[in-house]
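Residue numbers begin at 1 in each chain, while the letters A, B, ... track the order of the sequences.
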Number of protein chains: 2
Amino acid sequence: MTEMSRNSTQEGGQPGRIGIGLELDATHLKILEVLRENGRISVAALAERVGISRANAYTRFEALRADGAIKRFTAEIDHVRAGLGITALIFVTVRQQMWRQFRAQLAQMPEVEYCAITTGQHDAMIQVRVTDVAAVHTMVTDRLANIPAVKATETVFILDEVLRRPYVLPSDRGAGRSSRRPPADPAAGSARSTGPAGSAGPAGAAGPAGSTGSAGSAGSAGSVGAEVPLGMMRFVGAAEGRAQLQQDV
Amino acid sequence: MTEMSRNSTQEGGQPGRIGIGLELDATHLKILEVLRENGRISVAALAERVGISRANAYTRFEALRADGAIKRFTAEIDHVRAGLGITALIFVTVRQQMWRQFRAQLAQMPEVEYCAITTGQHDAMIQVRVTDVAAVHTMVTDRLANIPAVKATETVFILDEVLRRPYVLPSDRGAGRSSRRPPADPAAGSARSTGPAGSAGPAGAAGPAGSTGSAGSAGSAGSVGAEVPLGMMRFVGAAEGRAQLQQDV
DNA sequence: GTTGAAATTAGTACGAA
DNA sequence: TTCGTACTAATTTCAAC
């Protein structure tokens, strides 16, 4: 509940840009779909695959880039081939009000590929790629341990990466929307999470969903029973005082 | 120790290709470095930035692609702009010998962006992107719960994504290699993990490390103390019988 | 592994539907 | 808005060094 209006105004854009974002129609999504599979495709070929003229493709392509919907283009590489065969996840508990420092230290660690702030038992998850198991150990006990902001860590190794999609698109839904959507029993403290899930970072999405319906149904469909409906499902909310973290980060 | 020789022979390549992989020299890494930041750069411009001739750049570029070091090119998009503002991590405990089924089901779930098999308390971690919190709930209780292979789940929400590098390169090290590398105390049951960390999927890297030294030290430097060296560090090994999982997956 | 020239393709700008 | 065409600039390919 700290900053709900995060993406209803400009936020990540350069000064002067209209941060409200363009409405993505079906054609835009189609373009993204193609670009996700082949980021190096020429705009001419892109136009053909999407079924629009070249001029139109250039316009939309540029619009997506300018709007920030496309953040950048990148090459996906094989980490093993590149010599980084070990991947690990390190779950970090961060000392409150030291997030700024934690983030600064992260930037100094080139082996960190991904870092996300999470709800649940830990505060953050970082993914590292290194040459060998020993490097993980060095990283955790030697580097992370020396950061005052880090209170505790928990490390697991990644044995295999089963699936990696460049990113998910709203248009992907419909393919796997298997069984019926349950009638949605009313208010029940949506996901038991202590609020943050709906108020923090990437949340507050509903914004520019365009043609892809269903956005905005958040308030009407939450239905995580009070004490875990099915057998072994657990939704883990934020730890104590997490709200403060958002400010620092 | 199940299949250490994983990438010393061909493995991911098409039939007929020399799967041994090309040795990556400093120039190759430089190319990857540029491509990571700008996947749409022309080969001509790439050549200039790397400091080699056009023809050379084309040759190396093609070699990296053919070898599989570059898996594909993709566009990075802003999930919030695309209408998927909620990101969650679901940790899954999988019923043994049902991994094949689990993987098949995963392919049916378009909202899954990433799935990795891990050591530790759970067996897999999947990352999903959806429009609202309710969709996470639906996904977990309705879709995942209906997969017999899924024994239990634990869900956390991602509040913010602090850092996302397209990928990490061996050449990145050296920038953050802060303090001294510890003398590496000898055998100590490397990471306490029941073997898998060194034998499974992405492990067994040592292969084509090329100019970047230190690969291959895995066997000699493992040093995760028996019972957690510093204060609150935890290395979480594999659950019981994890070895079997590798076969199925 | 490099340079240079030819052929192709990409990117831009315009008017018309 | 979107399309189609013509123009300009760049990239890729292929040759010889």
Just wondering, are more than 12 heavy atoms of other shown residues or ligands nearer than 6.0 Å to NZ in B/Lys30? no
Between P on C/dA13 and CG on A/Asn56, what's the gap in Å once rounded to a whole number? 16 Å
Can you find a heavy atom in the side chain of B/Ile70 that is under 4.5 Å from one in the side chain of B/Leu35? yes
Take the protein atom CD of A/Glu62 and the nucleotide atom P of C/dT12, then report the distance between them rounded to whole Å. 8 Å
The first and last nucleotides of DNA chain D lying within contact of chain A, meaning any atom under 4.0 Å from one of its heavy atoms, run from D/dT2 to D/dA6
Close N/O contacts between protein and nucleotides 5-11 of chain C (under 3.5 Å):
residue : atom : partner : partner atom : Å
C/dA10  : OP1  : A/Ser42 : OG           : 2.9
C/dG11  : OP2  : A/Tyr58 : OH           : 2.6
C/dG11  : O5'  : A/Tyr58 : OH           : 3.1
C/dG11  : O6   : A/Arg54 : NH2          : 3.2

Within the supplied structure, the quantity of interest is the number of heavy atoms (other residues, nucleotides, ligands) at a distance under 6.0 Å from B/Glu76 CD; does it exceed 12? yes
For B/Phe61 and C/dG1, give me the distance from atom CZ to atom P, rounded to whole Å. 17 Å
Any chance you could measure A/Glu23, atom CD, to A/His28, atom NE2, to the nearest 0.5 Å? 10.0 Å
Residue pairs meeting salt bridge (Lys or Arg N to Asp or Glu O under 4.0 Å), one or both in residues 50-63 of chain B, sequence neighbours left out, come to B/Asp25-B/Arg60
Write out all pairs satisfying side-chain hydrogen bond (donor to acceptor under 3.5 Å, both in side chains) with one or both partners inside residues 32-42 of chain B, taking only residues at least two apart or from two chains. B/Glu33-B/Ser171, B/Arg36-B/Asp172
Mind checking ring-ring contact (aromatic ring centres under 6.0 Å, His included) for B/Phe61 and listing every partner two or more places apart, or none if nothing turns up? B/Phe73
Can you name the side chain to side chain contact (heavy atoms under 4.5 Å, CB included) partners of A/Ala88, sequence neighbours left out? A/Val128, A/Val136, A/Thr155, A/Phe157
